[in-house]
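The basis for the numbers below is simple: all heavy atoms, side chains too, and nothing from hydrogens, waters or symmetry mates. Everything quoted here is computed from the prediction, not taken from an experiment.
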Amino acid sequence: MMIDIPRLRGSDFDATPSDAAWRAGLNLWMTSWHQVPAGSLSDNDVILTKAAGLGRDIKAWKKVKAEALRGWVKCDDGLLYHPVVAEYALEAWLEKLAQALSSGAGNAKRWKVSFDPGPIDADIDRTAAMLKALNPKSKALAKIERRRSRPMSAAIPDVDPDDSRRHPDPVPSGSQEEGEGEGTLLGTTVPVASASPDATDGLLALALEDIAGQAKAKADPWEADEDFTRLWDMAPPKMRVRAKSKAKVWSAWTAARKLALPKTILAGFARYKSMDTDLPRSGGPGLHIWLKDRAWEPWVGGVETDRAASWTESEWSIAMRIWRETGTWGEGIGAPPGQPGCRVPARLLVQPAHTTGATA
């Protein structure tokens with residue numbers, strides 16, 4: 001990722017007295033560039049510690065936090081935004097839209113098809129307005145005006161839609177450069193520099209509101225899944241933190257739904273949360289790991305026998321702990337301990353001396 005050296009060296013941030021804070025701040029800029037929306041970070045110390053290149057050392061992060069976050073602004077969506085990173089992101093997006101406009105016109109001329117530049121022009125107008133709110137003197141704005149001053153109508157032929165000889169194929173897919181490369185709002189290589197600490201909250205929120213909403217709708221498919229939201233809200237904080245991101249949990253959730261109904265998984269999690277005596281101390285595994293291990297199964301009845309046949313020792317261990325503490329043996333996982341047909345590994349059948357509860 002390129003750094004605008006003159007702008008960085010001339011910024012107030014470059015005068016930061018702490019080398020550790022300077023490095024952390026630079027890492028935050030680079031990390032935020034690859035987020036959605038670009039230029040944003042989650043307002044969470046655990047995530048910010050990693051984004052700042054400090055791993056899991058939250059104590060070290062808190063020492064440099066105030067200086068490293070110089071220029072960042074918290075907006076209405078709860079995320080932190082860096083005005084200058086956002087400015088460069090909008091400039092990159094303008095360049096991408098201009099390229100799409102040029103490619104569309106060129107393909108129309110080459111393939112003798114019609115091309116409507118209206119939607120792209122509308123996106124350019126909206127993006128330019130947001131960029132103007134952040135930096136009215138941006139060179140990208142002047143560049144767009146120069147491009148628009150060039151006539152494009154000659155490059156967009158009038159095509160008779162009934163003339164099949166002149167319609168071999170529509171514009172080839174991908175020809176308008178929609179991708180995820182190093183260089184768009186979702187990731188183009190552009191200069192990044194520090195921001196003035198007196199950036200206006202209102203202008204930044206206004207400039208990013210529209211593009212943040214569009215990107216979030218595409219990036220967060222779990223927002224429309226009520227069952228997933230219930231699971232996430234029920235999970236203890238440590239289980240969510242250990243998962244690191246909702247995306248990981250969502251992937252595990254979609255896989256788990258192929259094995260059981262969402263209501264079954266939720267019922268199992270509710271029992272696990274209320275009855276696992278070790279949970280308050282340990283905080284539990286990452287929520288995605290809990291789902292991948294099918295850990296809801298020991299806590300609910302009706303689990304298919306053939307599925308229990310493939311259980312790991314850890315899954316049988318959970319079932320044994322429930323049985324010893326509550327006397328409950330899940331239906332569909334075979335005979336309980338002490339009964340013919342019990343499939344619990346032999347070494348787990350030895351009850352520890354300190355355990356109290358049901359006996360076989």
Please table the atom pairs, donor to acceptor, closer than 3.5 Å between any side-chain atom in residues 284-292 and protein atoms at least two apart or in another chain.
none

Which pairs with one or both residues in residues 46-63 pass side-chain hydrogen bond (donor to acceptor under 3.5 Å, both in side chains), sequence neighbours excluded? Asp45-Trp61
Are the side chains of Phe115 and Ile120 in touch, meaning some heavy atoms are under 4.5 Å apart? yes
Nearest 0.5 Å, what's the CG-NZ distance between Leu261 and Lys258? 15.0 Å
Kindly work out whether a path of hydrophobic side-chain contacts (I/L/V/M/F/W/Y, heavy atoms less than 4.5 Å apart) joins Ile5 to Val85. yes
Taking every heavy atom of Val64 against every heavy atom of Ala20, the minimum-distance pair comes out as CG1-CB, 3.9 Å
State the OG-CG distance between Ser138 and Leu90, to the nearest 0.5 angstrom. 9.0 Å
Could you tell me the separation between the CG atom of Leu97 and the CG atom of Asp123, rounded to the nearest 0.5 Å? 5.5 Å
If two hydrophobic side chains count as joined below 4.5 Å and joins carry through other members, does Leu134 share a cluster with Leu141? yes
Measuring only between side-chain heavy atoms, which start at C-beta, is Ile318 closer than 4.5 Å to Trp299? yes
d(Leu69 CG, His82 NE2) to nearest 0.5 Å is 9.5 Å
Would you please name every residue forming a side chain to side chain contact (heavy atoms under 4.5 Å, CB included) with Ser40, sequence neighbours left out? Gln35, Pro37, Leu79, Tyr81
With side chains defined as the heavy atoms from C-beta onward, is the minimum distance between Trp253 and Pro262 less than 4.5 Å? yes
Smallest heavy-atom separation, Ala235 atom then Met239 atom, equals CB-CB, 4.4 Å
Kindly assign one of parallel, tilted or perpendicular to the pair Phe228 and Trp232, based on the angle between their ring planes and the thresholds 30° and 60°. parallel
Can you name the residues that form a side chain to side chain donor-acceptor pair (under 3.5 Å) with Arg257, not counting sequence neighbours? Asp225
Give a yes or no on whether Val241 and Leu48 share a hydrophobic cluster (residues Ile, Leu, Val, Met, Phe, Trp, Tyr; joining criterion: side-chain heavy atoms under 4.5 Å apart). no
Shortest non-hydrogen contact between Pro117 and Leu101, atoms and distance: CB-CD1, 3.5 Å
Quick one: salt bridge (Lys or Arg N to Asp or Glu O under 4.0 Å) partners of Asp121, sequence neighbours excluded? Arg148
Arg7 and Tyr88 have their tightest heavy-atom pair at NH1-OH, 3.4 Å
In this structure, would Trp296 and Leu266 fall into the same cluster of hydrophobic residues linked by side-chain contacts under 4.5 Å? yes
With no hydrogens and no angle check, is any side-chain donor or acceptor of Thr254 less than 3.5 Å from a backbone partner on Ser251? yes
Quick one: does Ser32's side chain have a donor or acceptor within less than 3.5 Å of a partner on Trp29's backbone? yes
Close side-chain approach of Asn107 and Val113, heavy atoms under 4.5 Å: no
Going by the rule side chain to side chain donor-acceptor pair (under 3.5 Å), which residues pair with Glu313 if we only count those two or more places apart in sequence or in a different chain? Arg347
Could you pull out all residues at least two apart from Ala247 that satisfy side chain to side chain contact (heavy atoms under 4.5 Å, CB included)? Trp222, Ser245
Closest contact, heavy atoms only, Pro337 versus Cys342: CA-SG, 3.7 Å
Main chain of Leu8, side chain of Ser11: is a donor-acceptor contact present, judged purely on distance under 3.5 Å? yes
Does Asn135 have any side chain to side chain donor-acceptor pair (under 3.5 Å) partners at least two apart in sequence or in another chain, and if so, which? Glu87
Would a 4.5 Å heavy-atom cut-off, applied to side chains only, mark Glu91 and Leu131 as touching? yes
Counting C-beta onward and ignoring hydrogens, is there a side-chain heavy-atom pair between Met130 and Trp93 closer than 4.5 Å? no
Can you list every pair that meets salt bridge (Lys or Arg N to Asp or Glu O under 4.0 Å) and has a residue in residues 228-247, with sequence neighbours left out? none
Contacts of Lys143 meeting salt bridge (Lys or Arg N to Asp or Glu O under 4.0 Å) (sequence neighbours excluded), chain-then-number -> Glu95
Hydrophobic clusters here meaning ILVMFWY residues chained together by side-chain heavy-atom distances under 4.5 Å, can you tell me if Leu348 and Trp323 are in one? yes
Backbone N or O of Val46 within a donor-acceptor pair of the Asn44 side chain at under 3.5 Å? yes
Results of side chain to side chain donor-acceptor pair (under 3.5 Å) for Ser314 - residues two or more places apart only: Thr312
Salt bridge (Lys or Arg N to Asp or Glu O under 4.0 Å) with Arg9: which residues, sequence neighbours excluded? Asp14
First locate atom OG1 of Thr31, then atom CD1 of Ile47, and finally report the distance between them rounded to the nearest 0.5 Å. 11.5 Å
Between Leu28 and Ala68 the two heavy atoms that sit nearest each other are CD1-O, 3.7 Å
